[in-house]
Amino acid sequence: TFRPCFENVDLSLVKERSLLDEYREAGCRVEWFDQGCPSTMPAVVPVAPEWDLLVWGQVGHYRQRVHAVETALKAGYTVAWAGTGPYPAGVVQLPWTAPEELPKLASRARCVLSCGVRNEIAGYWSDSLWLALGMGACVIRKQTPGLPDGPYFTYHEDSEVVSRLR
């Protein structure tokens, strides 16, 4: 099933570390290549927080992210979301923000939520995690198999987002 995507390339760099064997068994030449944060990313400069939790990126098919946000909202926390809706009810709706402007936005929040589409795939997490960490934001991250130790809080269940915010 992967073959047509990889036929015309010498090497593909993929984020799904746990799927390397499957790709290779299908005849694809792949290497795992994680993303990072540019060294030029500005740092968060904390100010009096306007929101308890900040999320950036699209809403769309990010159901796990939406559930975590809805849990925080039901617990009385303020949540701002910069991206493309439709947003959950109660969210402070912010426009899509260019990556280099995210530190200014993160400066206005107590914490940043990092939750991808596929949190069950070992070795796969969004570059938004590295961006948030690289700018020095306080990060609450959905646990993913193989996630390296880091300066962030993790959660397994949505209810744990509330305890991390506390």
Quick one: does [X]'s side chain get under 4.5 Å of [Y]'s, heavy atoms only?
{"X": "Val79", "Y": "Trp51", "result": "no"}
{"X": "Thr144", "Y": "Ile121", "result": "no"}
{"X": "Thr78", "Y": "Leu53", "result": "no"}
{"X": "Val30", "Y": "Arg24", "result": "yes"}
{"X": "Cys111", "Y": "Leu54", "result": "no"}
{"X": "Met41", "Y": "Pro103", "result": "yes"}

Rounded distance [0.5 Å steps], [atom1] in [X] versus [atom2] in [Y]:
{"X": "Asn119", "Y": "Gln143", "atom1": "CG", "atom2": "CD", "answer": "9.5 Å"}
{"X": "Leu20", "Y": "Cys28", "atom1": "CG", "atom2": "SG", "answer": "11.0 Å"}
{"X": "Leu165", "Y": "Thr71", "atom1": "CG", "atom2": "OG1", "answer": "10.5 Å"}
{"X": "Ile140", "Y": "Thr154", "atom1": "CD1", "atom2": "OG1", "answer": "10.0 Å"}

Looking at [X] and [Y], what are the two nearest heavy atoms and their distance?
{"X": "Trp81", "Y": "Trp56", "answer": "NE1-C, 4.2 Å"}
{"X": "Pro95", "Y": "Ala82", "answer": "O-CB, 3.4 Å"}
{"X": "Ala132", "Y": "Val112", "answer": "CB-CG1, 4.1 Å"}
{"X": "Ala137", "Y": "Ala106", "answer": "CB-CB, 4.3 Å"}
{"X": "Cys115", "Y": "Gln64", "answer": "SG-CB, 3.7 Å"}

I'd like to check the side-chain contact (heavy atoms from CB on, under 4.5 Å) partners of [X]; sequence neighbours left out, ordered by chain and number.
{"X": "Val117", "result": "His61, Tyr62"}
{"X": "Ala75", "result": "Tyr77, Val162"}
{"X": "Ala68", "result": "Leu113, Tyr155, Asp158, Val161"}

Q) Could you give all pairs that pass the salt bridge (charged side-chain N to carboxylate O under 4.0 Å, His left out) test and reach residues 65-90, with sequence neighbours left out? A) none
Between side-chain atoms of residues 83-94 and protein atoms elsewhere (two or more places apart, or another chain), which donor-acceptor pairs fall under 3.5 Å?
from	atom 1	to	atom 2	distance (Å)
Tyr87	OH	Gly83	N	3.3
Tyr87	OH	Gly83	O	2.8
Tyr87	OH	Leu94	O	3.1

Q. Going hydrophobic residue to hydrophobic residue with side-chain gaps under 4.5 angstrom, can you get from Leu133 over to Met135?
A. no
Q. For the hydrophobic clusters of this structure (ILVMFWY residues joined by side-chain heavy atoms under 4.5 Å, transitively), does one cluster hold both Leu73 and Val66?
A. yes
Mind checking salt bridge (Lys or Arg N to Asp or Glu O under 4.0 Å) for [X] and listing every partner two or more places apart, or none if nothing turns up?
{"X": "Glu160", "result": "Arg164"}
{"X": "Arg63", "result": "none"}
{"X": "Glu100", "result": "none"}
{"X": "Lys104", "result": "Glu101"}

**Q.** All pairs passing side chain to side chain donor-acceptor pair (under 3.5 Å) where residues 105-115 contributes a residue, at least two apart
**A.** Glu50-Arg108, Asp52-Arg110, Ser114-Arg141
Q) salt bridge (charged side-chain N to carboxylate O under 4.0 Å, His left out) between Lys142 and Glu157: does it pass, once the steps are laid out? A) CA-CA 8 Å; Lys142 175 80 173 178; Glu157 304 297 324; 6.0 Å; no
